[in-house]
Amino acid sequence: MLYVHRNSVNNKQWYNKDGVIAWTADDPRNGDKYLALFYVDQKEPRESHPANRKVTVDLKELGFGGAAKVRDIWRNQDLGNFSGTEFSPVINYHGAGLYRISKKLKVQTNNPIIQTKYTADPAPMVHNDTVFLYSSHDDDNARGFVMREWLLYTSTDMVNWTDHGVVASLKDFKWVPYDNGAWAPQCIERNGKFYMYCPMPGGIGIGVLVADSPYGPFIDPIGKPLVKNSYADIDPTVLIDDDGQAYMYWGNPDLYYVKLNEDMISCDGEVVHEQMTHEAFGERKGNQKRPTLYEEGPWAYKRKNKYYMAFASTCCPEGMGYSMSDSPTGPWVYKGMIMEGDRRSNGNHPGIIDYKGNTYVFGFNYDIHFSKISQHYERRSICVEKLTFNPDGTIQQLPFWTAKGVDPVGKLDPYRRVEAETIAWSEGLKTEKSEAGMYVTAIHDGDYIRVRNVDFKKGAKSFEAVAASSSSGGQIEIRLDDKEGTLIGTCVIGNTGGPESWRTFQAQVDKVKGVHDVYFIFRGGEDELFNFDCWKFIR
């Protein structure tokens, strides 16, 4: 209800007749419509004025020409698909009903891209045809900023993201005096080494970790801050120019940079404080301490000999602005907004990459948190959108993060082992890491995983899943293209003797060909069902 109140538009009375008032509103993100019905008849109930009123709703008048899906918001229950005047709810005397009406074949939700944890401050990197997405991590119960480690996700298609868990933490820096402050990082590759730049707020400085693999393990090679300049030492971003010179930029509320030596763990020269002019970073009105639109979270990016400095803009809420230059050291010229701020997201943080012929911008919103609780806490979730450039190199402004997100740029092979934590969308699940690796846990009846763009080619005959359970287990319904799509098989998961006693379970499936989204719907009793490690189909 609070989400409806906060985000709906076009709120209006639809009709007032026969003792019933109907109210409608629109959800601008996905085209859904809200319908509220109020039984306000003042006459006492009797035969001609019953205590319960059946209200016929004409879905065509609401703009749904075909079938529509109706959800009862008060009961938190999907009522099914209806068309024409089939939807006729019963409203109690002086009672009310509130419904979400969606097209039956609605756009599937893809943003935010991670649902099993709260993630923020995206730092994408492309290496060996794979996107490595490093992120900060908001604690599940955070009220303010509770951030102790950095996470890693990978994808080869921009829609299915594999969780690799914690890749580094504050414990890797012996000189850091606290265990809460793992803010926005960035990782970059040079000469076969991977360098992760990590800020520690409160004037502690910016550290650097190094690894031989993008998956880690990362170690601190210098045992002290790489930069300790001021309380503004947060949100580092690193650019290696075509001539081999590396630059690190950072700062809130001002922008700083320093040249890095080829070893990437030492500085070449003094720290430079950028001139925070209106021409360089836009004009912010009404705040003398922060005269430009630049707020924090810089991201350095180069395209066709043009240098871009994207940044979290204004506060709060934060949007994403950007400036351009012909040089990595400026002068910068403010060009506009990549995305305006929106009341649905207190902060933002850009991360930009080129991948498979497209350019993508990452950031975050609070959608998953707000779907559970209306109170604002710092529990953020990473999103991604595709960027489009004008002929002069400027960026076409995006709307706020859409539910649709981006299209897949690759197909998933179901005939090799696929980690269960490879997820395009999920509900009700968590991921954990043990000595054996990552797996999906906290699985209850009705939870599900969606995996996108699965290429079955000429057809699959069977399915196998590796799972573990100390309870009676459950089932995995395998459906195509929708939560309620075609059921092609059910894999029964039994008790294995322990939550990490892994066994392989198999099931026959109806032969399926071509490319589909695959839904794994979990069924069983009231308690946790089982842990899910990996899966694959058999030809």
Side-chain angles (χ1 to χ4, degrees), residues 1-7 29 76 111-123 133-153 163 165-173 176-185 198-204 231-236 252-253 287 289-290 295-297 312-320 341-351 362-383 400-401 426-433 441-442 444 447:
M1 181 67 234
L2 290 171
Y3 176 89
V4 176
H5 175 71
R6 186 167 57 242
N7 300 305
R29 294 195 63 193
N76 197 32
N111 268 333
I113 60 175
I114 310 297
Q115 307 87 40
T116 57
K117 296 185 178 80
Y118 291 114
T119 55
D121 307 322
L133 177 61
Y134 300 86
S135 80
S136 55
H137 175 209
D138 292 332
D139 189 88
D140 278 3
N141 299 312
R143 292 178 178 264
F145 294 107
V146 182
M147 306 160 71
R148 299 184 172 90
E149 63 268 318
W150 296 279
L151 308 179
L152 172 61
Y153 298 84
D163 186 350
V166 175
V167 71
S169 78
L170 291 173
K171 295 178 181 179
D172 295 313
F173 297 99
V176 174
Y178 46 61
D179 64 357
N180 177 17
W183 288 15
C198 305
M200 268 58 74
I204 304 302
Y231 273 78
D233 295 340
I234 65 168
D235 300 348
N252 172 333
N287 190 334
K289 294 183 179 180
R290 296 174 184 258
E295 180 73 18
E296 58 184 348
S313 176
T314 69
C315 187
C316 290
E318 290 179 345
M320 294 191 298
D342 188 282
R343 60 184 177 173
R344 288 169 287 175
S345 185
N346 198 52
N348 229 321
H349 191 114
F362 294 74
F364 61 78
N365 65 21
Y366 294 70
D367 275 10
I368 293 177
H369 167 64
F370 283 141
S371 71
K372 299 175 181 178
I373 185 172
S374 61
Q375 180 68 41
H376 172 83
Y377 297 130
E378 294 301 338
R379 304 173 192 174
R380 298 159 290 179
S381 298
I382 290 176
C383 301
F400 193 67
W401 304 110
S426 66
E427 288 190 7
L429 308 169
K430 305 297 288 183
T431 53
E432 286 188 8
K433 193 172 188 177
T441 188
H444 295 84
D447 294 346

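Between the side chains of Ser136 and Asp121, at least one donor-acceptor pair of N or O atoms lies under 3.5 Å. Side chain to side chain, Tyr118 and Glu378 fail the donor-acceptor criterion of an N or O pair below 3.5 Å. Checking Glu318 against Asn348 by side-chain atom types alone, no donor-acceptor pair falls below 3.5 Å.
Taking NZ from Lys430 and CG from Asp447, the interatomic distance works out to 11.5 Å, rounded to the nearest 0.5 Å. From Thr116, atom OG1 reaches atom CG of Leu429 across 8.0 Å, with rounding to the nearest 0.5 Å. Distance CG/Asp163 to OG1/Thr431: 4.0 Å, rounded to 0.5 Å. The CG atom of Leu151 lies 5.5 Å from the NE2 atom of His137; values are rounded to the nearest 0.5 Å. The line from CD1 of Ile382 to CD1 of Ile368 is 10.5 Å long, rounded to the nearest 0.5 Å.
Judged as a ring-ring contact (aromatic ring centres under 6.0 Å, His included), and not counting sequence neighbours, Phe362 has no contacts. Under the ring-ring contact (aromatic ring centres under 6.0 Å, His included) criterion, His369 pairs with Tyr377, sequence neighbours left out. Ala123 pairs by the side-chain contact (heavy atoms from CB on, under 4.5 Å) definition with Tyr134, Gln186, Trp299, not counting sequence neighbours.
Judged by a 6.0 Å distance limit and a 45° cone about the ring axis, Arg6 is positioned over the six-membered ring of Phe370.
Checked by atom type and distance alone, the side chain of Asp235 pairs as donor or acceptor with a backbone atom of Gly297 at under 3.5 Å.
The two residues Ser135 and Tyr153 have their closest heavy-atom pair at OG-CE1, 4.3 Å. Annotation for Pro199 and Ile234: closest pair CB-CA, 3.7 Å, computed over non-hydrogen atoms.
Under a 4.0 Å N-O distance rule, the pair Lys117/Asp140 does not qualify as a salt bridge. Salt bridge Arg379/Asp138: absent, no basic N to carboxylate O contact under 4.0 Å.
For NZ of Lys433, the number of neighbouring non-hydrogen atoms (other residues, nucleotides, ligands) closer than 6.0 Å is greater than 12.
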**Request:** List the steps and the verdict of side-chain contact (heavy atoms from CB on, under 4.5 Å) for Ser313 and Glu295.
**Result:** CA-CA 5 Å; Ser313 176; Glu295 180 73 18; 5.9 Å; no

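Phe145 and Trp183 have tilted rings, their planes meeting at an angle from 30° to 60° on a 0 to 90° scale.
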